[in-house]
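Presented below is the structure to which this report refers.
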Amino acid sequence: MQQESPAPEPPRGGDARSVAGRSREEDREDVRACQRGEKEGFDRLVGRYQRDVYRLCYRYVNNHHDANDMAQEAFLRAYRALPGFRGESAFSTWLYRIAVNACLNFRTHARPESAELPESLPDKRESAVENMEKGEVQDRIRAAVSRLPQKQKATLILKIYHELTHEEVAEILGSSVGTVKANLFHALGNLRRQLVVREGEE
Amino acid sequence: MKHLSEETLLLALEGAEDGEARAHLAECGLCRGLLDEARQGEEMARSSRTIPEPSPLYWEAFRRNLDERIAGERRSVFRPAILLPALAAAAVLVAAIGVLGVRTPRPTPAPTEAHLAAWTALPPADDDSGLALIQALGPSPDEIVPAAGCETTSECVIDRLSEEESHSFLERMRAEKGGSL
């Protein structure tokens with residue numbers, strides 16, 4: 001088993017900083033370097049975004065192996081498409097769009113054995129039982145998120161966990177802001193219903 | 001009663017609803033129920049803030065795998081084993097074009113001699129060089145009974161040729177005269 005470590009806590013509980021917080025100038029320089037054929041530029045972009053892309057993919061499928069494959073696929077697609085990237089949108093928005101498309105097109109492979117990464121390291125201030133219960137609840141929530149309809153899922157993940165604005169989510173998903181808001185509202189209602197129904201079943 | 005749209009309900013969830021929406025929510029249990037559900041859903045979603053975080057070693061392996069895949073793609077595109085035959089084929093193609101020339105469709109040249117209609121092919125009777133031939137090839141005047149309405153036999157023979165016959169006759173004459181007609 002791999003050593004686990006807690007994910008950093010973003011300001012509002014999301015997985016990532018806002019796109020607005022990115023160093024867009026750094027991105028632009030690295031994109032230009034990559035377009036000049038300097039592979040190091042792409043390496044820096046990967047280093048900067050690998051966690052965000054992986055987390056997006058993980059939320060989508062709720063397992064490490066598929067998330068790893070999807071994140072690899074997303075970066076590979078980005079590498080292929082980078083020569084044609086004209087900088088009309090922020091690199092991060094463009095990359096998120098590629099990652100969401102990789103998620104939408106990904107077919108989960110059957111795994112011979114479950115090799116899930118463990119939950120975050122337990123907080124020593126909490127008892128083992130509390131941690132276990134907390135871990136189970138988090139498992140259920142992540143599973144419920146991954147079962148949402150595709151567009152609702154993408155909207156909820158980008159908005160709640162990646163803390164993007166409605167406009168950024170709309171740009172990534174190619175939807176209107178109104179549609180993003182409606183999808184998010186449906187997603188939140190469906191998530192709650194799923195969790196309540198499952199608790200009722202158990 | 002017209003209920004609030006999802007968009008408006010989301011604004012209410014974010015605390016950005018207008019007075020009209022607020023008044024509606026105060027009266028409408030259905031919309032209030034939907035809003036409460038979404039609020040609970042948001043709390044649940046936000047309570048699951050972390051995902052299992054891979055170790056730093058994982059990220060090294062992630063980049064290494066990605067590098068290998070990218071290098072593999074480059075090799076498959078630029079590998080000499082594939083590139084050389086492609087270049088050779090291109091060279092052969094260029095050479096073939098150079099030798100044979102590019103055959104582009106050319107407009108059909110206008111015939112130097114217009115194909116005359118049968119009735120115009122017959123020369124005037126005064127200096128009709130074909131008449132002698134007709135007479136030589138055809139039956140003797142004794143053998144021909146002038147058709148009704150014909151004063152001379154030769155006149156009637158020619159007049160009674162169909163277009164097809166007169167055309168073939170003209171071709172024969174051309175052949176005999178070496179195409180000078």
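Below, read A as the first sequence line, B as the second, and so on, with proteins coming before strands; counting in each chain starts at 1.
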Atom group of A/Ala71 that falls short of 4.5 Å from chain B, counting heavy atoms: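 Both parts, backbone and side chain.
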Residues of residues 23-37 of chain B under 4.5 Å from chain A (heavy atom pairs)?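 Residues in range: B/Leu34, B/Leu35, B/Glu37.
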Which residues pass the salt bridge (charged side-chain N to carboxylate O under 4.0 Å, His left out) test with B/Glu6, not counting sequence neighbours?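 In terms of salt bridge (charged side-chain N to carboxylate O under 4.0 Å, His left out), with neighbours along the sequence ignored, B/Glu6 is linked to no residue.
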Sequence neighbours left out, what passes salt bridge (charged side-chain N to carboxylate O under 4.0 Å, His left out) with A/Glu26? Give chain and number order.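 By the salt bridge (charged side-chain N to carboxylate O under 4.0 Å, His left out) rule, A/Glu26 matches A/Arg48.
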Looking at every non-hydrogen atom in both residues, tell me the closest pair between [X] and [Y] and how far apart they are.
X: A/Phe185; Y: B/Leu10; answer: CD1-N, 3.8 Å
X: B/Ser47; Y: A/Gln138; answer: O-NE2, 2.8 Å
X: A/Leu156; Y: B/Ala45; answer: CD2-CB, 4.5 Å

Within this structure, what is the [atom1]-[atom2] distance for the pair [X] and [Y], rounded to the nearest 0.5 Å?
X: A/Arg55; Y: B/Thr50; atom1: CZ; atom2: OG1; answer: 9.5 Å
X: A/Tyr79; Y: B/Arg69; atom1: OH; atom2: CZ; answer: 13.5 Å
X: A/Tyr58; Y: B/Ile51; atom1: OH; atom2: CD1; answer: 6.5 Å
X: B/Met44; Y: A/Gln194; atom1: CE; atom2: CD; answer: 10.5 Å
X: B/Arg46; Y: A/Leu188; atom1: CZ; atom2: CG; answer: 8.5 Å

State, without any angle test, whether A/Arg59 and B/Ser48 hold a side-chain donor-acceptor pair at a distance under 3.5 Å.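 Present: a donor and an acceptor within the cut-off.
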Within the 3.5 Å criterion, strictly below it, is a donor on A/His166 or B/Glu14 matched to an acceptor on the partner's side chain?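 Per modelled atom types, A/His166 and B/Glu14 side chains form a pair under 3.5 Å.
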Are the ring centres of A/Tyr54 and B/Tyr58 closer than 6.0 Å?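 For A/Tyr54 and B/Tyr58, the ring centres are under 6.0 Å apart.
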Run the salt-bridge test on B/Glu43 and A/Arg192 with the 4.0 Å N-O cut-off and return the result as yes or no.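 Salt bridge between B/Glu43 and A/Arg192, a charged N being under 4.0 Å from a carboxylate O: no.
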Are any of the side-chain nitrogens in A/Lys159 or B/Glu42 under 4.0 Å away from the carboxylate oxygens of its partner?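 Salt bridge between A/Lys159 and B/Glu42, a charged N being under 4.0 Å from a carboxylate O: no.
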Of all of A/Gly189, A/Ala187, A/Gly178, which one pairs up most often with chain B through heavy atoms under 4.5 Å apart?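 Option with the greatest count: A/Gly178.
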Option that, when pairs with chain B are counted at under 4.5 Å, heavy atom only, ranks first among A/Val145, A/Val177, A/Asn68: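 Greatest number of close heavy-atom pairs with chain B: A/Asn68.
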Between B/Leu13 and chain A, which part of the residue has a heavy atom less than 4.5 Å away: side chain, backbone, both or neither?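 Just its side chain gets close to chain A.
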Please check: side-chain N/O of A/Gln50 versus main-chain N/O of B/Arg63, any donor-acceptor pairing under 3.5 Å?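 No, A/Gln50 side chain to B/Arg63 backbone: no donor-acceptor pair under 3.5 Å.
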Step by step, would you call A/Arg51 with B/Trp59 a side chain to side chain contact (heavy atoms under 4.5 Å, CB included)? CA-CA 9 Å; A/Arg51 281 182 168 76; B/Trp59 294 115; 3.1 Å; yes
Heavy atom to heavy atom, less than 4.5 Å: which residues from residues 30-42 of chain A reach chain B?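 Interface residues of residues 30-42 of chain A: A/Lys39, A/Phe42.
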May I ask you to test the A/Lys181-B/Leu11 pair for a side-chain heavy-atom distance under 4.5 Å?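 The answer is yes, as the side chains (C-beta and beyond) meet within the 4.5 Å cut-off.
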